Amino acid sequence: MQSTKDAISVAEPKKTTVPGFPASDLSDPEGPWQQAMAAAVDLGAPAEEFWPRIAEHGLLVPAALLGKGGWPVLWSRLHR
């Protein structure tokens, strides 16, 4: 996993598959990532920068959110 400032990449650059249980895909129109896009934009995220950032850094998660067990534990908790 690559680190960028205070974030950790949980999916490799240019990849849309996100590891964890359940596995997910950033580009799935019915998946959690695309459904969350509207909320992210409402909070000020520039939607037009999403795919260029994924291409460069992968999916980044704030390091402060990753406790013991890292991404797999966080994702399984969030997806319940």
Side-chain angles (χ1 to χ4, degrees):
M1 279 191 237
Q2 137 186 18
S3 179
T4 304
K5 235 178 179 178
D6 295 324
I8 294 176
S9 177
V10 297
E12 295 188 31
K14 299 182 183 175
K15 301 289 183 186
T16 62
T17 303
V18 180
F21 181 80
S24 60
D25 193 293
L26 296 172
S27 62
D28 179 359
E30 301 299 319
W33 305 104
Q34 290 301 308
Q35 292 178 7
M37 185 68 75
V41 170
D42 286 347
L43 292 171
E48 66 278 0
E49 291 183 23
F50 180 74
W51 290 113
R53 287 180 183 227
I54 294 298
E56 184 176 349
H57 302 289
L59 178 64
L60 298 176
V61 174
L65 293 178
L66 300 177
K68 291 182 182 178
W71 172 250
V73 171
L74 175 63
W75 179 239
S76 67
R77 279 195 336 244
L78 293 172
H79 200 270
R80 290 184 201 170

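FYI, side chains are in, hydrogens and waters are out, and symmetry mates aren't considered; it's all heavy atoms of this structure. These numbers come from a predicted model, not from an experiment.
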Q.
Does anything in residues 27-50 form a ring-ring contact (aromatic ring centres under 6.0 Å, His included)? List the pairs, not counting sequence neighbours.
A. Trp33-Trp75
**Q.** side chain to side chain donor-acceptor pair (under 3.5 Å) against Thr17, all qualifying residues, sequence neighbours excluded
**A.** none
Q) With sequence neighbours excluded, what pairs up with Pro46 under the side-chain contact (heavy atoms from CB on, under 4.5 Å) test? A) Glu48, Glu49
Q. Any sub-3.5 Å donor-acceptor pair from Glu56's side-chain atoms to Pro13's backbone N or O?
A. no
(Q) Test of understanding: with side-chain contact (heavy atoms from CB on, under 4.5 Å), list the residues that count as partners of Ala64, not counting sequence neighbours. (A) none
Q: Return the minimal non-hydrogen interatomic distance between Ile54 and Lys15, and the atom names on each side.
A: CG2-O, 3.8 Å
Q.
How close do Glu30 and Gln35 get, counting heavy atoms only, and between which atoms?
A. O-NE2, 2.8 Å
Q. Is the backbone of His57 close enough, under 3.5 Å, to the side chain of Ser9 for a donor and an acceptor to pair up by distance?
A. yes
Q.
Among residues at least two apart in sequence or on other chains, which ones pass side chain to side chain donor-acceptor pair (under 3.5 Å) with Asp28?
A. none
